[in-house]
Amino acid sequence: MKTLETLVPLEFTLEAVQEGRTGKPLLQAEGRLLGTAFVWRVEEMKHFKKTDEAHLLLQRDRGTHPLLLAAGYVAPEAAARLKEAGIQFVDTAGNAFINHPPVLIWTTGKKPAEKAPLPRTGRIFRGAGLKIVFTLLCRPELAGKPYRDIAETAGVALGTAANTMAGLAERGFIVQAHKREKKLVRREELFGQWAAAYAETLRQKLLLGRFHGEREWWKGLQLDTAAAQWGGEVAAWKLTGYLKPETATLYTNRNRIAELVVANKLKKDPRGNVEILDRFWMREKERQEDDTVHPFLVYADLLAIGDQRTMETAKVIYERQLTEYFRED
DNA sequence: GTCCATCTTCGGATATAGGT
DNA sequence: ACCTATATCCGAAGATGGAC
């Protein structure tokens with residue numbers, strides 16, 4: 001915002017408003033730009049990345065006021081995409097897109113003032129931490145169970161579970177409700193951060209192989225859920241009916257890849273549109289399983305693809321299937 | 001006090017990031 | 001690309017603390 005001030009005569013005030021009951025506090029800017037009043041929702045992102053772009057696409061139509069991204073640095077290609085999507089932004093280098101008739105600002109090509117400081121994500125949004133957060137989001141009641149249970153279900157070591165739980169408590173995502181009863185709170189916020197981090201870091205580490213399949217081979221295929229489940233676009237298509245999948249994502253266990261590949265006549269191809277990922281979590285034995293993975297994961301898969309097409313569907317999934325998981329009692 | 005479940009700690013293995 | 005420094009993770013072993 002400071003940068004914007006140097007570009008045009010501008011006065012504004014910033015205030016935090018609460019969004020919904022459990023939502024995270026939202027920044028809102030109010031002021032006048034060359035004589036015209038404005039109210040903007042402000043999204044602050046020090047390190048602006050591809051997945052953040054996807055997040056903004058979702059946020060764009062959610063509120064009553066236009067969105068403004070305040071970022072550390074927006075690369076030229078990203079700037080063009082934001083402009084295309086009608087999302088306003090400013091960065092500290094002096095790049096900006098503001099569309100507030102009659103004012104139109106469009107500046108690009110300025111280099112970042114200094115190289116961005118270290119990201120410092122903390123251990124809860126990396127590798128093992130992401131596995132734990134995912135299982136906790138899916139099954140919040142686990143938060144109150146022994147670490148051994150959490151570690152087992154998430155497929156990580158006991159000590160790591162303890163570490164991550166401490167990290168979550170530190171950031172206020174785990175609270176001590178009663179004497180020894182922990183609760184997972186601020187789940188929607190946690191999920192948002194999880195999904196972005198999953199798409200960026202953990203996901204590629206889970207990739208077991210990439211293949212090529214015959215055209216629409218997945219259509220009408222009956223998956224044995226004990227061996228594999230759909231993620232990504234195919235799952236999204238099954239859940240919503242929208243989307244024409246261009247890629248297929250399967251989550252399976254390491255020792256079942258071979259049979260999956262043979263049964264579906266998949267050919268190894270490093271640039272193929274079929275990806276097989278490690279189904280890292282431990283599934284609930286009793287429950288009847290869907291042939292699609294948890295919608296949390298489907299959403300994150302779509303985020304990893306991150307184009308306009310998949311984000312439309314991601315938005316539908318978010319609204320129809322995910323919001324129910326964020327209710328806290 | 002003993003037993004058992006659970007939690008914390010920590011050395012070493014492994015993955016990641018930064019530098020050349 | 002490689003090498004090196006650092007962060008992250010694992011897992012076993014020791015510590016804690018509640019129930020009886």
Side-chain angles (χ1 to χ4, degrees), chain A residues 45-53 71-75 78 92-93 111-185 190-210 251-255 257 270-271 275-286 296-297 300-301 303-304 306:
Chain A
M45 290 170 180
K46 270 214 176 92
H47 293 84
F48 177 66
K49 298 180 290 293
K50 191 83 200 294
T51 46
D52 298 321
E53 237 175 283
Y73 174 65
V74 178
T92 54
K111 294 272 180 281
E114 61 201 73
K115 66 171 183 179
L118 57 155
R120 199 70 223 129
T121 31
R123 57 199 182 306
I124 64 176
F125 293 120
R126 320 182 52 82
L130 286 169
K131 293 183 179 175
I132 294 175
V133 172
F134 171 65
T135 40
L136 287 179
L137 282 168
C138 294
R139 297 158 66 178
E141 76 281 357
L142 265 176
K145 295 277 178 355
Y147 289 172
R148 187 173 50 86
D149 294 355
I150 299 172
E152 245 169 49
T153 351
V156 303
L158 183 59
T160 308
N163 261 331
T164 305
M165 293 299 279
L168 285 169
E170 202 176 297
R171 287 164 186 244
F173 291 117
I174 296 266
V175 293
Q176 202 82 17
H178 295 307
K179 248 233 160 2
R180 65 181 17 256
E181 197 177 323
K182 298 200 185 81
K183 268 189 67 178
L184 190 69
V185 296
L190 181 62
F191 169 73
Q193 297 185 29
W194 172 84
Y198 174 82
E200 267 157 40
T201 63
L202 179 56
R203 197 172 189 282
Q204 46 260 49
K205 283 187 259 180
L206 297 175
L207 185 69
L208 298 174
R210 204 169 260 287
Y251 282 88
T252 187
N253 301 72
R254 282 180 134 68
N255 53 353
I257 307 173
R271 289 141 70 75
E275 50 183 2
I276 297 187
L277 305 183
D278 189 6
R279 183 161 61 171
F280 61 88
W281 64 96
M282 185 186 258
R283 289 157 303 130
E284 292 178 79
K285 286 217 178 66
E286 268 69 52
F296 281 154
L297 208 48
D301 281 343
L303 201 65

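Reminder, nothing fancy here: chain letters follow the sequence lines and each chain counts from 1.
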Would you tabulate the pairs of protein nitrogen or oxygen atoms and nucleotide nitrogen or oxygen atoms of nucleotides 14-17 of chain B closer than 3.5 angstrom?
from: B:dT16; atom 1: OP1; to: A:Lys205; atom 2: NZ; distance (Å): 3.3

Atom pair [atom1] ([X]) and [atom2] ([Y]), whose distance is rounded to the nearest 0.5 Å:
X	Y	atom1	atom2	result
A:Phe125	A:Glu200	CZ	CD	11.5 Å
A:Asp149	A:Arg139	CG	CZ	9.5 Å
A:Tyr198	A:Leu297	OH	CG	4.5 Å
A:Lys131	A:Met282	NZ	CE	13.0 Å

Below 3.5 Å is the cut-off: list the nitrogen or oxygen pairs between protein and nucleotides 10-14 of chain C, distance only.
from: C:dC10; atom 1: OP2; to: A:Ala157; atom 2: N; distance (Å): 3.2
from: C:dC10; atom 1: OP2; to: A:Thr160; atom 2: OG1; distance (Å): 2.7

For [X] and [N], what is the distance between atoms [atom1] and [atom2] respectively, to the nearest whole Å?
X	N	atom1	atom2	value
A:Tyr147	B:dT9	OH	P	11 Å
A:Lys145	B:dA5	NZ	P	17 Å
A:Ile132	C:dT8	CD1	C1'	12 Å

Which of A:Ile174, A:Leu130, A:Ile132 passes side-chain contact (heavy atoms from CB on, under 4.5 Å) with A:Thr164? Answer is A:Ile132
Checking A:Leu136, A:Thr135, A:Leu137 against A:Val133 for side-chain contact (heavy atoms from CB on, under 4.5 Å), the one that qualifies is A:Leu137
Run A:Trp281 and A:Phe134 through side-chain contact (heavy atoms from CB on, under 4.5 Å) and show every step you take.
CA-CA 9 Å; A:Trp281 64 96; A:Phe134 171 65; 4.0 Å; yes
More than 12 heavy atoms of other residues, nucleotides or ligands under 6.0 Å from CZ of A:Arg283: yes or no?
yes
